[in-house]
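Some notes on the structure that comes next.
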Amino acid sequence: MSDRIIDNKAHSRFEMPLQNGIAFISYRLEGDSISLLHTEVPPESEGRGIGSALTGLVLDEAVSRGLKIYPYCSFIRNYIHKHPQYLPY
């Protein structure tokens, strides 16, 4: 698992390169807010904490940019409720 993410602006998603593919969170950026739309991890990598690691890195990046976070993805909403440092979003 990687501890870095790539902001692929052309595809509007944060990506985490893996040995067997790319985990990603798609987003929509508007002004000072970011809508987090969907999280996807390659099936071979599911259940290893990659989605949670990616979510934490993306949320940290959004906070560091001073963005208001709109978590439309249920996985990300659940992560935030387990990690209250990201509240209020």
Side-chain angles (χ1 to χ4, degrees):
M1 177 176 11
S2 175
D3 64 345
R4 68 180 185 91
I5 55 172
I6 298 163
D7 185 357
N8 183 337
K9 293 177 180 154
H11 289 100
S12 298
R13 64 188 202 177
F14 288 101
E15 299 176 342
M16 177 185 280
L18 304 169
Q19 288 182 339
N20 58 0
I22 296 173
F24 67 88
I25 294 177
S26 59
Y27 67 83
R28 183 175 57 246
L29 188 61
E30 297 177 29
D32 66 348
S33 67
I34 188 166
S35 298
L36 302 174
L37 307 172
H38 177 70
T39 303
E40 191 164 318
V41 174
E44 308 82 36
S45 297
E46 290 178 354
R48 296 183 16 211
I50 292 170
S52 293
L54 174 60
T55 298
L57 291 168
V58 168
L59 291 171
D60 287 345
E61 179 67 18
V63 168
S64 75
R65 293 185 189 182
L67 297 171
K68 174 120 174 95
I69 300 165
Y70 293 95
Y72 290 100
C73 172
S74 60
F75 183 88
I76 295 172
R77 276 196 311 272
N78 289 335
Y79 182 92
I80 289 172
H81 287 292
K82 293 177 185 174
H83 300 85
Q85 68 266 29
Y86 298 109
L87 291 171
Y89 49 81

How close do [X] and [Y] get, counting heavy atoms only, and between which atoms?
X	Y	value
Leu54	Ala23	CD2-C, 3.8 Å
Thr55	Phe75	OG1-CE2, 3.4 Å
Met16	Arg4	CG-O, 3.9 Å
Ile6	Pro17	CD1-CG, 3.8 Å
Glu30	Arg28	OE2-NE, 2.7 Å
Gly56	Tyr79	CA-OH, 3.5 Å

OH-NE2 distance between Tyr86 and His81, expressed to the nearest 0.5 angstrom: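 Reported value, rounded in 0.5 Å steps: 14.0 Å.
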
Student check: side-chain heavy atoms of [X] and [Y] closer than 4.5 Å:
X	Y	answer
Tyr27	Leu67	no
Ile5	Phe24	no
Arg65	Asp7	yes

With side chain to side chain contact (heavy atoms under 4.5 Å, CB included) as the test, pick out the partner of Ile69 among Leu87, Leu36, Ile76.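 Testing Ile69 for a side chain to side chain contact (heavy atoms under 4.5 Å, CB included) against Leu87, Leu36, Ile76 leaves exactly one candidate, Leu36.
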
Does NE2 belonging to His38 count more than 12 external heavy atoms closer than 6.0 Å?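 More than 12 heavy atoms, drawn from other residues, nucleotides or ligands, come within 6.0 Å of this atom.
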
Would you find more than 12 non-hydrogen atoms of other residues, nucleotides or ligands less than 6.0 Å from Gln19 atom CD?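 No, because the 6.0 Å sphere around CD of Gln19 holds 12 heavy atoms or fewer from other groups.
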
Would a single hydrophobic cluster contain both Ile25 and Val41, if residues Ile, Leu, Val, Met, Phe, Trp and Tyr are joined by side-chain heavy-atom contacts under 4.5 Å?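 Yes.
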
Report yes or no: do Leu18 and Val58 belong to one cluster of Ile/Leu/Val/Met/Phe/Trp/Tyr joined by side chain heavy-atom distances under 4.5 Å?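 As far as the 4.5 Å side-chain criterion goes, Val58 and Leu18 are connected within one cluster.
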
Return yes if some donor-acceptor pair links the side-chain N/O of Arg77 with the main-chain N/O of Tyr72 below 3.5 Å, else return no.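 Indeed, once roles are kept as given, a pair shorter than 3.5 Å links the two residues.
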
Quick one: does any side-chain atom of Ser52 pair with a main-chain N or O of Gly49 as donor and acceptor, under 3.5 Å?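 Side chain of Ser52 to backbone of Gly49: no pair is present.
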
